[in-house]
Number of protein chains: 2
Amino acid sequence: MSVQRIAKLAGVSVATVSRVLNDLPSVKAQNKEKVLAAIAALNYQPNLLARQLRTARTGMLLVMVSNIANPFCAAVVKGVEKEAEKNGYRILLCNTESDFARSRSCLQLLSGKMVDGVITMDAVSELPELQKIIGAFPWVQCAEYDPESSVFSVSIDDTAAAEFVIDKLVESGKKRIALINHDLAYQYSQHREQGYLNRLAHHGLSYRTIVYADTLSYLSGKKAALSLLKNAERPDAIFAISDVLAAGAVNAVTESGFSIPQDIALIGFDGVDISQITVPPLTTIQQPNEDIGRKAVSLLLSQIESDNALDVVHYLLPWQFIQRQSS
Amino acid sequence: MSVQRIAKLAGVSVATVSRVLNDLPSVKAQNKEKVLAAIAALNYQPNLLARQLRTARTGMLLVMVSNIANPFCAAVVKGVEKEAEKNGYRILLCNTESDFARSRSCLQLLSGKMVDGVITMDAVSELPELQKIIGAFPWVQCAEYDPESSVFSVSIDDTAAAEFVIDKLVESGKKRIALINHDLAYQYSQHREQGYLNRLAHHGLSYRTIVYADTLSYLSGKKAALSLLKNAERPDAIFAISDVLAAGAVNAVTESGFSIPQDIALIGFDGVDISQITVPPLTTIQQPNEDIGRKAVSLLLSQIESDNALDVVHYLLPWQFIQRQSS
DNA sequence: CTGAAAGCGCTTACAG
DNA sequence: CTGAAAGCGCTTACAG
């Protein structure tokens with residue numbers, strides 16, 4: 001099935017068929033009808049490989065996600081999709097599971113010209129490796145930001161948000177504040193930890209206990225919290241750098257017989273749905289999830305549609321503290 | 001950048017370059033080296049569009065997910081990815097949000113020859129429409145099954161699982177069992193509701209209250225449960241057809257001052273992580289999430305790699321009842 | 001073991 | 001308004 005067959009059936013040239021396919025105005029109504037009839041009769045579908053090879057334009061954006069099961073990632077992707085759709089682009093999602101071999105394989109879609117650009121959410125520490133593969137292709141990094149990096153990025157000021165959380169906890173009288181963090185390969189993990197440390201120092205608090213969750217999952221959050229509860233000196237507050245970890249921690253704290261927030265206050269990060277239905281609901285930092293995705297797409301499209309290289313920009317979007325009953 | 005340039009630089013023909021690229025054995029070692037050197041020197045990356053156009057084979061599978069934020073879907077996708085990777089296929093994820101226009105757009109990748117086959121998780125009621133677009137392309141439907149359908153499928157026996165849940169609830173002395181269901185456009189919703197109704201009738205229970213959640217989200221689950229609690233005759237047990245809905249219900253029941261399971265027992269479905277960290281943890285039906293995904297891929301590959309049309313098969317995988325403290 | 005040539009299915013100047 | 005022809009970047013018989 002090809003334009004050839006349509007052309008033959010409609011009694012016109014392939015050029016005319018192509019014009020109809022692309023809705024160019026210069027086709028006589030009569031011919032257009034004949035072509036349309038032939039297309040319908042044969043249920044013809046254009047071969048995208050051929051079209052995109054010819055036009056060197058795909059209208060597709062690659063989004064590499066380290067874990068689609070992470071609700072924060074899912075929320076960002078939602079924003080990405082909306083903005084892409086608005087601009088006539090399609091989104092291809094690749095789940096990398098933070099696996100470099102997989103990322104490399106995904107990125108062949110970029111170097112192989114099957115997509116016009118890529119949005120990543122990887123750890124900053126991976127960026128140099130990715131850079132080698134991505135080269136000069138249009139690229140925006142989401143929710144992870146390094147001021148020194150030459151990669152466009154959209155994120156929030158994680159340090160400031162974490163500092164705000166600690167201040168709130170201290171304000172409410174808490175003195176032994178523990179941190180459940182994740183992988184320090186991520187810049188955001190470093191920044192949130194930095195915010196935590198900054199304000200402990202500022203308030204002259206000596207208690208300073210950090211535990212690192214293996215993965216960004218409920219169960220890892222639970223496990224991390226349990227290990228915290230076993231400490232000789234128990235915390236009276238826990239700041240978890242993601243709502244998912246915090247939700248796991250709620251389980252650990254409650255099932256261990258402590259009450260939230262009286263015995264142990266709990267604050268999460270991200271502002272995803274789960275934070276609203278833990279018992280009690282979680283105080284958290286609301287990230288502008290969808291806006292991060294939207295902004296990433298618009299940055300990416302500006303790169304794609306510009307002929308010359310643009311100056312790197314790093315967007316920091318506003319965040320919001322949401323007070324609920326867990327603190 | 002193309003094989004032409006590599007050929008010129010290496011001093012061989014494009015045919016030889018292509019042979020090196022595809023690792024064919026018939027290339028003299030010396031020439032191979034020259035080509036490899038040229039590839040490295042120019043950082044050449046083959047154009048996948050051209051290659052796939054020529055070979056009519058992409059090594060890519062499309063997976064259409066109605067909602068990537070749904071942990072059950074994410075778990076199935078994980079299985080899909082593993083099996084695909086094992087067989088040298090790449091996965092492209094499309095998030096349809098159950099939107100038909102989006103699905104149609106995604107499926108252009110199939111008809112446009114950019115992927116070799118598709119795995120869907122859509123409502124059975126959508127299948128006839130999808131069928132029109134997908135036609136005879138390799139296709140497997142996941143976690144949603146209609147014995148009459150001519151589409152290959154992998155799922156579980158939802159009716160039997162739901163019946164088992166109701167029996168367990170009755171066994172524990174519950175008499176007013178409510179159901180939180182989702183969209184009846186899904187076959188699994190119908191089957192689970194059928195199982196619920198079957199066993200109420202069997203046990204001669206007249207209480208029969210069903211509420212439909214707007215979406216498969218925590219908040220919808222909470223909302224649905226709250227409406228149940230407002231009923232003149234309150235339920236003493238709630239069966240939610242997904243753990244996500246059940247987790248939302250846990251919040252509603254607890255915050256309304258009832259204890260679980262004494263006042264109201266709660267059972268979910270799916271067996272995703274969240275079921276382990278609600279307070280109390282959820283009794284649920286464990287689906288063979290990853291296996292569903294794996295099996296779907298192997299069915300799909302058998303279609304792709306077979307020359308003639310295969311007879312339709314509908315796989316039903318085993319499920320498991322997991323007793324926890326919510327019932 | 002290698003190269004010249006054809007062709008995958010499109011789009012796009014170009015000439016009319 | 002239309003068609004013949006070139007070409008996007010590959011791979012693959014075919015002949016040597």
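Each chain gets a letter, A, B and so on, in the order its sequence line appears, and its residues count up from 1.
- Note on S26(A): a base of the nucleic acid sits closer than 4.0 angstrom, heavy atoms only.
- L49(A) places its CG atom 17 Å from the P atom of dC8(D), with the value rounded to the nearest Å.
- Atoms CD (E33(B)) and C1' (dC1(C)) sit 16 Å apart, rounded to a whole Å.
- Across dG9(D), dC10(C), dT11(C), the shortest atom-to-atom separation from the side chain of L53(B) is found for dG9(D).
- dA4(D) makes up no base pair with any nucleotide shown, lacking Watson-Crick or G-U wobble contacts both under 3.5 Å.
- Distance from the side chain of R51(B) is smallest for dC10(D) among the nucleotides dA5(D), dC8(D), dC10(D).
- The separation between Q4(A) atom CD and dT11(C) atom C1' is 13 Å, rounded to whole Å.
- OP1 or OP2 of dT11(C) has at least one side-chain nitrogen or oxygen of N22(A) nearer than 4.0 Å.
- Among all heavy-atom pairs drawn from W139(A) and L300(A), the shortest one is N-CD1, 3.4 Å.
- Counting only heavy atoms from C-beta outward, the side chains of E97(B) and R102(B) approach each other to under 4.5 Å.
- Taking atom CZ of R57(A) as the reference point, atom P of dC10(C) lies 18 Å away to the nearest angstrom.
- We find that CG of L24(A) is positioned 13 Å from C1' of dA13(C), with the value rounded to whole Å.
- Take the nearest nucleotide of DNA chain C for P25(B) and for K113(B): the residue whose nucleotide is more 5' is P25(B).
- In this structure, dA13(D) forms no base pair with any nucleotide, since neither Watson-Crick nor G-U wobble geometry is met with both distances under 3.5 Å.
- Ion pairing of E83(A) with K86(A) is present here, as a side-chain N (NZ or NE/NH1/NH2) and a carboxylate O approach within less than 4.0 Å.
- Distances shorter than 4.0 Å separate some side-chain N or O of S18(A) from OP1 or OP2 on dT11(C).
- Rounding to the nearest 0.5 angstrom, the gap separating the CZ atom in R104(B) from the CD1 atom in I133(B) is 4.5 Å.
- The side chain of T16(B) sits closest to dG3(C) out of dG3(C), dT12(D), dA4(D).
- The side chain of K28(A) lies closest to dC1(D) when the candidates are dC10(C), dC1(D), dG7(C).
- Residue S13(A) places its side chain closer to dA4(D) than to any other of dT11(D), dT11(C), dA4(D).
- In this structure, the CD1 atom of I6(A) is 18 Å from the C1' atom of dG3(D), given to the nearest Å.
- Going from atom CD of Q52(B) over to atom P of dC10(D) covers 12 Å, rounded to whole Å.
- Comparing R19(A) and A50(A), the nucleotide of DNA chain C nearest to each residue sits closer to the 5' end for A50(A).
- No more than 12 heavy atoms of other residues, nucleotides or ligands sit less than 6.0 Å from atom CD of E33(B).
- The interatomic distance linking R54(A) (CZ) with dG9(D) (C1') rounds to 12 Å, in whole Å.
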